[in-house]
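To keep things clear, I will list the structure first and then write my remarks on it.
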There are 2 protein chains.
Amino acid sequence: MDDKKIRTMEDFAEVSGISRPTLSKYFQDPESVRQSTRDRIETALDSYDYRPNIFAMNQNRKLTRTIGIVVPYLTDPVFGEIARTIEQQCLIAGFRAALFSSHGDRESEIEALESLRSLRPSGVLLSPLGRFSDRDYIASFCESVPTVIFDRDMEGVGEAFVGSDNRSFVNQSVEYLTRTGEPPCFFEMKNPSNPNSIARRENYKKTMESLGLEPVIVQVDGSGWEFERIGYEGGLKALDERAFPTNTVLCSNDRLAIGFLAACYERGLRVGRGSGHALRVAGHDDHPQSRFSCPSLTTVAHEYDKLSEAAVQQLFDLIESGGRFGERRVTLFPARLTLRSSA
Amino acid sequence: MDDKKIRTMEDFAEVSGISRPTLSKYFQDPESVRQSTRDRIETALDSYDYRPNIFAMNQNRKLTRTIGIVVPYLTDPVFGEIARTIEQQCLIAGFRAALFSSHGDRESEIEALESLRSLRPSGVLLSPLGRFSDRDYIASFCESVPTVIFDRDMEGVGEAFVGSDNRSFVNQSVEYLTRTGEPPCFFEMKNPSNPNSIARRENYKKTMESLGLEPVIVQVDGSGWEFERIGYEGGLKALDERAFPTNTVLCSNDRLAIGFLAACYERGLRVGRGSGHALRVAGHDDHPQSRFSCPSLTTVAHEYDKLSEAAVQQLFDLIESGGRFGERRVTLFPARLTLRSSA
DNA sequence: CAAAAAACTTTCCGCGCGGAAAGTTTTGAG
DNA sequence: CTCAAAACTTTCCGCGCGGAAAGTTTTTTG
C-alpha cells in the first residue's frame, strides 16, 4: 500500500507495467482487455489505490457513464423509494447516478435538467411534474439527451415511457368496492398536476358507467404537494356537507386518503368494512405509510421494483440503440389490489 | 439567438469581443470583473447561449463549487425535506449540489463518499448512519474533504456538527407529560442505529430521575429502517403484555409512534388526553405524517430550516477557512413542543 | 508449425479550460 | 491633466485523459 504519488494514469502505467492506452481501455470496460492483463491491472490496483480523474475522463469520452434521475418531489417517499431502486441498478450496471428533485416546481425542473445537460449524461430517467412542466423545454431536452419518462407520462415526449396502467388500477378498486358494498364516490383534488390523477378520474367515470352506475366525483380545493393536508381539510368539508351519497370513498391516491382518514377520525366516523363502520375508504399507490394508517388502508399497489427495473432496462436499451428507438415504446404495469382494513 | 457553433470559451470570446481569460474570470465569479464588462458578457450570453464545459472547468480548478450532500436514508421524508432545503441554499450560493443517500447501509455510505471524493467537492454535508458507519473511513474522509456533520453526530469527526439538542427535546416532552398526567414510559428500539436515539434514552432517564420518578424503558426488537412496522409490531406485543405501567407512552421518534398508534387502533385503545381515552402517546421529530396520524401526534419539533441553514453556513465558513477550524464547532438547536391530540 | 487474428505498446495529438506572465488600456483620485 | 492602480488582452503552457495510427507481441486456428 505504498500509494506515493500515483496521480495520473501515466504514473500508474509505470508502476503496473501496463501501457497507458490499455489502462484507458480497462477503466472504460474491464471486459475489453485480456483476462491475464485484467488480473495484472487489478493486482496493481489494490497495491497502489489509483482512481482515474473523473473530469478528465468525461471531458473526452462520448459516453460519460452517468445516468441522470429526476423525480418531481423527493420528499414523497414513493419517489424516494423509486430513486433508491433505480440508483442501485445503475451502480450495478457500472453507471454513476446523478439525482435531482424538481421540488414540485417548474423552474426547479428546468434547472435540474439544465444541470444534467451540462453533465452530458449517457441517459436520463425523468418523472416529470405533469401539468406544471414546461412541455416544450422537456421535449427539446429529450431530443438532445436519451431520455426515458417514467411513472407519470408526458405523451409524445421521450423515446419511451414506463409506468402503471391506471385503467387497471381503477378497474380493480371500483370493481372490488361495488362487488362488496355500495358503489364508490371518487375523491380527488380539483386541479391535479399529476397526469395519473387525471387518467384515474376518467377511468373511474368509464368503469362506473360501464357498470350502469352513476359516477360521483367529489373535488376539493388545494394545490401543491401537501396532499395529506388537502385530503384532511377537503375531507372535513366534504363530510360536513354530506357530499358523499354512498358510504364508500375511493381516493385518487393514498396520500389524499391518509388525510381523509384523519378527517374521518376527527369526526368520529369509524372507517372499515362490516357492521359498526360508517364509511369505507380506499386509495391508490400503496404508499409506505398506508399500511400504518388508522385503519390500515385498502389500496391498489404499484409494482415499484418491476417498474424501476423496466425503466432502467429501457434506458439501457435506448443508450445502446444510440439514443433512438424506431417509435415510442410504452410499458405499463398492472396493479395489485391490496386489501387491508379500511374497505 | 444564432447559437451556431459556439462550443468553446474561445469561440465565445470571439463573438463577444471579450478575451478568454476575462471570460474565465467571469464564469468563476461574475463579481470579479468590472460592471461594464459584466454587462457586455451577459448581453452576449443571452444572444449566444454558451455554457462552459463543466468537466474542463473542474479539471483544473481548485474549487469545483460542488457541495456534496449525504443523508442516511432518502426515503425518510425528514431527510428528503432537509436535503431539499440544503440543496436550494447551495444553489443560491452559486454551488452545485450532488445528492447521495446511504440507503441505511454501511457499504452504500462508503460508496457515496467515494463517489463524492472523486468529484472533488468544495465541501460535504454529511449525516452519517451512526452505529453502522465505518467510523475510521469517515474520519479519514473528513481529513481530506471539508465536511460538516449534521443531524446525527459522530463525536470527534469532522470540523463541525450541527444538530438538535436532544436534551431539550426530551426535557420538554417529559416535563409536559408529567405535568399534565401520569409520567411517561419510554418506547424505543432495542438497538437503535441512530445516535440521537441513544442520547434521547439517556436524557429520558436523567430527566425522570431528576424529577424523582422511576424511568420505564420498553424496548422492542427490530432493525432496519421500517420504523413504523417496528413500532406497530412491537407496540402490539407490548400492549398485549401490559408492558406500560402508566397510561403515557413517549416514543423515541415519530415514525415509531405512528406505528404504535396503529397498534393502539388495532387493539381498540382510544389515544388522547382527557376522559374517554385509554392512553397518551407522544413522539419526537415532528415527522410530516405526524400531523395526519389518528389521532394527530403530540411531538417535539426540529427547526429544520434553521438547522439546514446553520449547517450550510458552517460549511461555507469552513470552506473559506481553508477546510480547517481551530477546534470542532458544535451547534445545537433547541426543540419546540408541538401539542396535538394524542397527548 | 505457419499464418491470421487479437491484444498490446509506443507515439502523437487534441479536448476545453485554468492560470501565469508580460504588455496595453481604462479608471479614478488628486 | 497626471499618474498609479485596476482591469483588461495576448501569449503560452499545463491539466489528465481519450483516441488514432503504426508497429510489436501474444494468442488462436487449421
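Below, chain A is the first sequence line, B the second, and so on; all start at residue 1.
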ask   = Could one point to a donor on the side chain of B:R61 or the base of C:dG19 with an acceptor on the other under 3.5 Å away?
value =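 It does not, because no donor-acceptor pair links the side chain of B:R61 to the base of C:dG19 below 3.5 Å.
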The salt bridge (charged side-chain N to carboxylate O under 4.0 Å, His left out) partners of A:E159 (sequence neighbours excluded) come to A:R324
Residues forming a side-chain hydrogen bond (donor to acceptor under 3.5 Å, both in side chains) with [X], sequence neighbours excluded:
X      : value
B:Q314 : B:R329
B:T22  : B:S19
B:E109 : B:S133

Should B:Y304 and B:F79 be marked as a ring pair (Phe, Tyr, Trp, His ring centres under 6.0 Å) after you check the CA-CA gap, both sets of side-chain angles, and the distance that decides it?
-> CA-CA 10 Å; B:Y304 290 126; B:F79 287 111; 9.0 Å; no
N/O to N/O distances under 3.5 Å, protein versus nucleotides 3-5 of chain D:
none

*Starting at the 5' end of DNA chain C, which residue's closest nucleotide do you reach first, A:R20 or A:S32?*
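Comparing both residues, the 5'-ward one is A:S32.
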(message) With salt bridge (charged side-chain N to carboxylate O under 4.0 Å, His left out) as the criterion, how do A:R84 and A:E81 come out once you've worked through the C-alpha distance, each side chain's angles and the decisive distance to 0.1 Å?
(response) CA-CA 5 Å; A:R84 190 182 66 80; A:E81 188 63 22; 2.8 Å; yes
Would you be so kind as to tabulate the donor-acceptor pairs closer than 3.5 Å made by side chains of residues 125-132 of chain B, with sequence neighbours excluded?
from, atom 1, to, atom 2, distance (Å)
B:S127, OG, B:F150, O, 3.2
B:R131, NE, B:P192, O, 3.1
B:R131, NH2, B:N191, O, 2.8

Contacts of B:E42 meeting side chain to side chain contact (heavy atoms under 4.5 Å, CB included) (sequence neighbours excluded), chain-then-number -> B:Y26, B:R38, B:D39
For A:Q313, which residues count as a side chain to side chain contact (heavy atoms under 4.5 Å, CB included) partner, sequence neighbours excluded?
->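 By the side chain to side chain contact (heavy atoms under 4.5 Å, CB included) rule, A:Q313 matches A:F316, A:D317.
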**Prompt:** Going by atom types only, do B:D29 and B:S32 share a side-chain donor-acceptor pair under 3.5 Å?
**Reply:**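 There is no such pair (donor and acceptor under 3.5 Å, judged by atom type) between the side chains of B:D29 and B:S32.
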query = If we ignore angles and hydrogens, is there a donor and acceptor under 3.5 Å between the side chains of A:S164 and A:H302?
reply = yes
| task | If the plane angle is over 60° it's perpendicular, under 30° parallel, otherwise tilted; pick one for A:F12 and A:F27. | result |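 A:F12 vs A:F27 ring planes: tilted.
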Let's see if you get this right: which residues in residues 50-60 of chain A place a heavy atom under 4.0 Å from DNA chain C?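 Heavy-atom cutoff 4.0 Å gives A:Q59, A:N60.
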To the nearest 10 degrees, the angle between the two end axes of the helix from C:dC1-D:dG30 to C:dG30-D:dC1 (five pairs per end) comes to 20°
**Prompt:** Whole Å only: how far is the NZ atom of B:K25 from the P atom of D:dT9?
**Reply:**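 Spelled out: NZ on B:K25 to P on D:dT9 is 11 Å.
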- request: Grab the CZ-C1' distance between A:R40 and C:dA7 for me, whole Å please.
  value: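 Distance, rounded to whole Å: 12 Å.
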Here the side-chain hydrogen bond (donor to acceptor under 3.5 Å, both in side chains) pairs for residues 116-125 of chain A, sequence neighbours left out, are A:R117-A:S144
*Would you classify A:T22 as touching base, sugar-phosphate or nothing, given that sugar-phosphate means primed atoms plus P, OP1 and OP2, and contacts are heavy atoms under 4.0 Å?*
base
Interface polar pairs with nucleotides 21-30 of chain C, N/O, under 3.5 angstrom:
none

